[in-house]
Amino acid sequence: MRIFHRARHRPSATWRQTTDRAFTLIGNGRYEDAGALLVMAADLEPWLSDSWYNLALLHKFRRDWEQARAAGLRAVALLDREQGAPDWWNLGIAATALQDWPLARRSWQAYGLKVPPGEGPVRLDFGTTPVRLSPEGESEVVWGRRLDPARVEVLSIPLPSSGRRWGEVVLHDGAPHGERVADGVAYPVFDEIELWAPSPVPTHVVLLQAATEPDRDALERLVSDAGYAAEDWTSSVRLLCRACSESRMDTDDGSSEHHDPHDDGDAAHPGHLSHLSHRGEGLSWIAERECGIAAPADLVRPLLERWVAAGPGSRAFRDLEEVC
């Protein structure tokens, strides 16, 4: 990562060398050592917006939002252009993390976005997007609704390994990290920075016996009508190597046979965390399905029992467990 030459004047060779060493350290996760060098660079060239932008970026990596806001404000004060600078975008992320809504609105507007008038959280219709949860750990790409340039509400039911729940709002970075293609449309994948608003709705896992695909669909509709969510993880989950996850990948709605060559799952045994669609030619529906359900604990079993009662002989469930 190199962030140079965005100001009117060329920085000194010492500044460039110091900054270069700092970002090498950041790449190695040595944030404290990098911070000392970036402070030194800011002392060398305090008039340079890059000096403060780099410090703001470091503080974002460290999730130190107060310091990120302070450095970001100094960076934008030294800019030589009115709109479009990434300094404003990073400041908008810091302001959103701190729920400093006047500054967030000012930042998005200065970046060049049309922000409707008002107070409080920014609401923009950015549609749905994939977001990578817990990118530094058990990462998982799920779908969510973009509430504004820096926040996504999770619409999928994440696996328990991600530590995230349906309905949570996560702060995300602005730089895309991979793509997902759905219905011929490419959607950028944004990396989660941190949890912004937790969800009170727990995640449950259950093994279904659904004789047909419509039986499975009936459960998803029933839970949705109750205001919550159910997801057939047997169909929707793929285990991918990091290189594939961070590249351009097609999504799969279960309408055709699909087994990615880099999928870690077993094509012959599409059970827990594996993925193989079962509507392709020559493939039969597998009745046993692993399903995630996001709903209050006292509601899950009654919903499942209603689902079974509506299809006697073709529906059953077992091993219901709250997992997150």
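- A salt bridge links R164 with E192; the closest basic N to acidic carboxylate O contact falls under 4.0 Å.
- For the pair R145 and F126, the cation-pi test (distance below 6.0 Å, angle within 45°) is failed.
- For the pair R21/T24, no side-chain contact is recorded, criterion being any heavy-atom separation below 4.5 Å from C-beta on.
- Within 6.0 Å of CZ on R146 lie more than 12 heavy atoms contributed by other residues, nucleotides or ligands.
- Smallest separation of non-hydrogen atoms from S199 and R165: O-NH1, 2.9 Å.
- With respect to R69 and E66, a salt bridge is recorded, a charged nitrogen being found less than 4.0 Å from a carboxylate O.
- A single hydrophobic cluster is seen to contain both V300 and Y228, as judged by linkage of ILVMFWY side chains at heavy-atom distances under 4.5 Å, directly or through other members.
- Judged by distance alone, the side chains of R216 and T234 never bring a donor and an acceptor atom under 3.5 Å apart.
- A donor-acceptor pair under 3.5 Å is formed between the side chain of D148 and the backbone N or O of A150.
- Two rings, from W108 and W89, have their centers less than 6.0 Å apart.
- Looking only at distances, no side-chain donor or acceptor of R180 sits under 3.5 Å from a matching main-chain atom of A186.
- Hydrophobic cluster membership differs between V170 and F190, with clusters built from Ile, Leu, Val, Met, Phe, Trp and Tyr side chains linked at under 4.5 angstrom.
- Side-chain N or O atoms of D225 include none that pairs as donor or acceptor with a backbone N or O of L222 at under 3.5 Å.
- Of the N and O atoms on the side chains of E45 and S51, not one donor lies less than 3.5 Å from an acceptor on the other residue.
- For the pair L320/R301, a side-chain contact is recorded, criterion being any heavy-atom separation below 4.5 Å from C-beta on.
- Looking only at side-chain heavy atoms (C-beta outward), T203 and I293 stay at 4.5 Å or farther from each other.
- For the pair R62 and W65, the cation-pi criterion (under 6.0 Å, within 45° of the ring axis) is not fulfilled.
- At a cut-off of 3.5 Å, with distance as the only test, no side-chain donor of T96 or W196 sits close to an acceptor on the other residue.
- Within a 6.0 Å radius of CD in E194, more than 12 heavy atoms belonging to other residues, nucleotides or ligands are found.
- At a threshold of 4.0 Å, the pair E288-R318 counts as salt-bridged, since one of the basic side-chain nitrogens sits closer than that to a carboxylate oxygen.
- The aromatic ring centres of W143 and Y187 sit less than 6.0 Å apart.
- Grouping the Ile, Leu, Val, Met, Phe, Trp and Tyr side chains by contacts below 4.5 angstrom, directly or via other members, places V201 apart from V154.
- Around CZ of R63, the count of heavy atoms belonging to other residues, nucleotides or ligands within 6.0 Å exceeds 12.
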